[in-house]
Amino acid sequence: MKKIYLIWYRPENETEDKIRAVALNWERAEAIAENLNFYLKLDLKCNYQYGVKSYVINQLPYDLIGDDGCFNSWGPEEFGE
């Protein structure tokens, strides 16, 4: 099972994640997420969450409306585990 990792952030006043990068392994994805956090601290004037989502390549969820197909999602408190 191959996965792809999406790096996301979400401003506190929004309900959907904004995807900003893609990585092919979780170590690189977490490093990119930390870089994203650095730049968001400089540019955003509001609180936000950020992290990594993983998806299985070539797999479509059965529930196309309620399920985005995310295999796993985690934030900075779980980086490096």
Side-chain angles (χ1 to χ4, degrees):
M1 166 176 38
K2 291 193 174 214
K3 294 182 187 175
I4 193 163
Y5 300 87
L6 304 180
I7 296 83
W8 60 270
Y9 83 96
R10 182 186 324 141
E12 68 181 341
N13 57 348
E14 296 190 19
T15 58
E16 293 188 15
D17 299 336
K18 297 176 182 270
I19 305 301
R20 287 296 172 251
V22 176
L24 297 178
N25 64 59
W26 66 266
E27 295 96 344
R28 185 69 182 128
E30 289 180 355
I32 294 170
E34 291 295 359
N35 286 335
L36 173 65
N37 180 44
F38 174 78
Y39 288 107
L40 289 175
K41 282 182 185 177
L42 297 175
D43 289 341
L44 283 184
K45 305 297 184 225
C46 66
N47 293 326
Y48 58 89
Q49 296 176 324
Y50 71 100
V52 177
K53 289 182 173 187
S54 68
Y55 289 82
V56 176
I57 295 174
N58 296 326
Q59 186 177 43
L60 191 63
Y62 293 115
D63 179 5
L64 296 177
I65 304 298
D67 181 8
D68 72 350
C70 180
F71 185 77
N72 195 5
S73 181
W74 63 96
E77 62 280 349
E78 297 167 298
F79 285 1
E81 291 185 6

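The first residue of the sequence shown is numbered 1, and numbering continues consecutively from there. Note: hydrogens, waters and symmetry copies are ignored here, and every other heavy atom, side chains too, is used.
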[X] [atom1] to [Y] [atom2] distance, which is reported to the nearest 0.5 Å:
X	Y	atom1	atom2	value
Arg20	Asn35	CZ	CG	15.0 Å
Asn25	Ile4	CG	CD1	11.0 Å
Lys18	Glu16	NZ	CD	9.0 Å
Ile7	Glu34	CD1	CD	11.5 Å
Arg10	Ile19	CZ	CD1	10.0 Å

Check whether [X] and [Y] end up in the same hydrophobic cluster, where Ile, Leu, Val, Met, Phe, Trp and Tyr are linked by side-chain heavy atoms less than 4.5 Å apart.
X	Y	answer
Ile32	Tyr50	yes
Tyr5	Leu36	yes
Val22	Leu40	no
Ile57	Trp8	yes

Exceeds 12 heavy-atom contacts within 6.0 angstrom, atom CG of Asn58: no
Atom CG of Leu44: over 12 foreign heavy atoms under 6.0 Å: yes
Heavy-atom check, side chain of Leu6 versus side chain of Tyr55, under 4.5 Å: yes
Any side-chain heavy-atom pair of Glu14 and Tyr48 under 4.5 Å: no
Expected output: side-chain Glu30 to main-chain Gly80 donor-acceptor under 3.5 Å: yes
